[in-house]
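Computed from heavy atoms alone, side chains included, the values below leave out hydrogens, waters and symmetry copies. In this chain, numbering begins with 1 at the start of the sequence shown.
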Amino acid sequence: IIGTEDLNQIYIKVKKNTIEETIQLVSQPTSKQIRANMTAILDITPISADEKVSSNLREISDENFEYIKNRVKIKIFDFNNEYDNEQIWRYVTSKLDELNLSDSTEVITYGDSIKYIKLEVKTQDDIIKLASINGVKSVDFFQEYSTPKIELGEVDLQELFDMEFVDSDVRIGIIDGGISDLNPHLAPYIIAREEYVPAVYRNPNHATFIASTIQYGNILNNLKSETQYRFKFVDVVAIPNSDAKFGPIDSIHEEDLMTIINEVMEKHSETTKIWNISLGLENKVCNGSMSDLGIFLDYIQDKYEVQLFVSSGNINQLPVRSWPPENDIGEHDRLISPADSIRAITVGSVALYDSDDSYVKTNEPSAFSRRGPGANYTVKPEIVDYGGNFSKNYSLNGLGMNGLDPAGNTVESNGTSYSTPRAVQKFAAIYEEMAEPDLLLAKAMLIHSARMNSRNILDEESDHIKYYGFGIPPVDVQEILQCSEDEVTLIFKQKVTEGVHLEMYDFPYPKSLIRNGRFIGEIGMTLAYLPPLDKNHGREYCRSNIDVSFGTYSFNQTGSPNFSGQVPLEARWDEKLEKQRVENGFKWSPN
């Protein structure tokens, strides 16, 4: 077995002798277990060339093919064997020579496991020829990115910035279209800049709004918070303008964006641990295996020990979704790449303002906000925050979020691009307060606070988790960092190894909540961990699971304790079918 793709599908490598051995084993099973296992196999078939061509490439028009034929992307099977891999790569490159396609070949590699061949083809027939080569796993093309088109409306607000701020040394990286130097409220906090876009193609509207949301989002939207931090920015100008009304338009190719992100992390990851990436591919809906960019972002976060925040994406074509959601919208509103990144914190949007004719009401998922789950039912988005709303005729009319434009004026817009930096701001504030900064602990605290803050919303209907994730974190970060007088929060950090079972006796349960031998009270638990990931396993990219439970114990006759899980109430997942555990039991979800 060398990997998987969809559920109930595995890839196997075969040779002449192993086919003969398999035929022998099938005709004369050597044990009852092998005979039983064979009943789980429906069919064994070779992979056809058509199966290897991505749906995006299959559906592309002749006109658009001209734009992408010089950035075709090939992935080769990984046989988990150095000798076999060397042989298959040599074989594939020899076939590219025979097809006269090797002159344009470029091998793109990140780490030990991310490896592509980029090349130029002449005709669409070449795509099938490539897919027909033994050892080729998939044929696709490198996507294009540009800054999202945004609608801005002017907002007349009085002077907002005469209150006291706490200046933080925490640095936040923004990989976008560039923050304006002309904005007097943001320019002093840009401490580093990396420029990859020529001046003629720059549009600072989007990144400036994002930076203003991190720095002043609560004030601009009249949301009360006890402490107002001002952070420092690393401004990465990577995404060109896409709005023809603003100026000349351009885009950046996926492989170039990967190169930029890798270069920037090489230079800044030691000092800048938190990064905002508010972009997505509208034609790359995440309803199956992991996206290549999602896998790449996971690699980046592991290698450079950083935390990325990614927007869940906007629905930019009708129909948008109302609330409660319609039954017939299908997969139209699912997450887009790279929102499926397992390591990233993906952020969706809920409405802050509403009106008689607004599409949704306050705290309901924005009509444009894309939903989960992620690959193999992982919880995506992890959280939601305020990203705006619009009226039934699709206008802002005071229903969007307020931010700043390049000149420092107050403007209004909406999108998951603006809910994401709100989550970044809260995460950075948690990180700022830590005596020993810890990205995973900050992530766990942010998600835990969202879940505790959204109990009524999520307990109302189990399906809501697809739209809200674990909920909306409190506006005031002090509510995340502190408890009220009738609450207690305990934090445990523990290294775990495969197959290990950990228990803690006795848990310090408050004596005031023990009555007549019964423990009472509301208990919420959050577990966050970094599972090993394997791109060779498609939808089962994340295949490690940690179960956590809180409960009671008694002693058996030998004096050994018997544990009985009570929290979560669905603790008996070991009695459930695998399908139920994956779809409803968080089996592969790292949060």
Side-chain angles (χ1 to χ4, degrees), residues 165-174 189 191-192 214-215 225-234 264-276 297-310 341-347 382-383 421-453 470 473-484 487-497 500 502-504 507-508 524-533 544 546 548 550 590-591:
F165 290 87
V166 175
D167 285 326
S168 168
D169 287 329
V170 172
R171 300 180 176 199
I172 297 171
I174 299 178
Y189 304 97
I191 59 167
I214 293 171
Q215 213 76 315
S225 181
E226 188 175 314
T227 308
Q228 299 290 343
Y229 294 96
R230 279 191 297 212
F231 302 103
K232 294 177 170 59
F233 294 122
V234 175
V264 166
M265 294 301 166
E266 285 276 2
K267 191 169 182 179
H268 294 284
S269 62
E270 283 296 317
T271 55
T272 307
K273 294 295 183 182
I274 306 167
W275 294 81
N276 187 106
L297 293 187
D298 288 337
Y299 157 78
I300 287 292
Q301 289 168 97
D302 283 343
K303 179 177 181 181
Y304 296 104
E305 298 180 343
V306 295
Q307 180 62 63
L308 304 185
F309 282 75
V310 180
S341 164
I342 293 291
R343 299 282 196 247
I345 297 176
T346 302
V347 187
E382 278 85 359
I383 57 174
R422 287 194 55 78
V424 169
Q425 181 267 330
K426 294 169 185 177
F427 184 93
I430 296 169
Y431 197 72
E432 158 70 31
E433 293 279 357
M434 288 181 163
E436 297 179 12
D438 185 314
L439 293 173
L440 184 58
L441 177 54
K443 180 179 184 177
M445 291 179 71
L446 186 68
I447 289 173
H448 183 76
S449 70
R451 182 65 182 87
M452 300 308 290
N453 190 46
F470 292 106
V475 169
D476 190 344
V477 75
Q478 295 305 320
E479 291 185 38
I480 301 174
L481 296 166
Q482 301 176 17
C483 291
S484 62
E487 291 178 330
V488 60
T489 300
L490 299 179
I491 297 171
F492 300 91
K493 289 173 62 178
Q494 179 69 52
K495 289 187 177 179
V496 294
T497 54
V500 168
L502 299 171
E503 292 180 349
M504 183 183 117
F507 189 87
M525 299 178 68
T526 298
L527 170 71
Y529 60 101
L530 300 175
L533 303 172
S544 296
I546 301 177
V548 61
F550 183 92
N591 304 302

Would you check, one step at a time, whether the test side chain to side chain contact (heavy atoms under 4.5 Å, CB included) holds for Leu533 with Tyr299? CA-CA 9 Å; Leu533 303 172; Tyr299 157 78; over 6 Å; no

Above 12 or not: heavy atoms from other molecules or residues under 6.0 Å from [atom1] of [X]?
X      : atom1 : result
Lys267 : NZ    : no
Glu270 : CD    : no
Gln478 : CD    : yes

Side-chain touch Pro508/Val488, heavy atoms, less than 4.5 angstrom: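 A side-chain contact under 4.5 Å is absent here.
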
Asp438 and Lys493, any side-chain heavy atoms less than 4.5 Å apart: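 Sidechains of Asp438 and Lys493: in contact.
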
Separation of [Y] [atom2] from [X] [atom1] (nearest 0.5 Å):
X      : Y      : atom1 : atom2 : value
Phe309 : Ile345 : CZ    : CD1   : 3.5 Å
Lys232 : Asp167 : NZ    : CG    : 6.5 Å
Arg230 : Tyr189 : CZ    : OH    : 3.0 Å
Phe231 : Ile274 : CZ    : CD1   : 7.5 Å
Thr346 : Leu308 : OG1   : CG    : 10.0 Å
Thr272 : Ile174 : OG1   : CD1   : 11.0 Å

Would Trp275 and Val264 satisfy side chain to side chain contact (heavy atoms under 4.5 Å, CB included), going step by step from the backbone distance to the final call? CA-CA 11 Å; Trp275 294 81; Val264 166; 3.3 Å; yes

Do [X] side-chain atoms and [Y] backbone N/O form a donor-acceptor pair below 3.5 Å?
X      : Y      : value
Lys426 : Pro473 : yes
Gln425 : Pro421 : no
Lys273 : Gln307 : no
Tyr529 : Ile546 : yes
Lys443 : Arg343 : yes

Side chain to side chain contact (heavy atoms under 4.5 Å, CB included) evaluation trace for Glu266 with Tyr304: CA-CA 8 Å; Glu266 285 276 2; Tyr304 296 104; 3.0 Å; yes

To check you understand the geometry: which heavy-atom pair defines the closest contact between [X] and [Y], and what is its length?
X      : Y      : answer
Pro474 : Asn453 : N-ND2, 3.7 Å
Val310 : Ala344 : CG2-CB, 3.8 Å
Ile300 : Val306 : O-CG2, 4.2 Å
Gln301 : Ser341 : NE2-OG, 3.4 Å

Evaluate the criterion side chain to side chain contact (heavy atoms under 4.5 Å, CB included) for residue pair Met445 and Met434; output intermediate values, then yes/no. CA-CA 11 Å; Met445 291 179 71; Met434 288 181 163; 4.1 Å; yes

Parallel, tilted or perpendicular for Phe507 and Phe492, by the 30°/60° rule?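 The arrangement is tilted - the two ring planes meet at 30° to 60°.
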
Qualifying residue for side chain to side chain contact (heavy atoms under 4.5 Å, CB included) with Thr526, from Thr489, Ile447, Leu446, Ile491: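 One option only clears the test, and that one is Ile447.
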
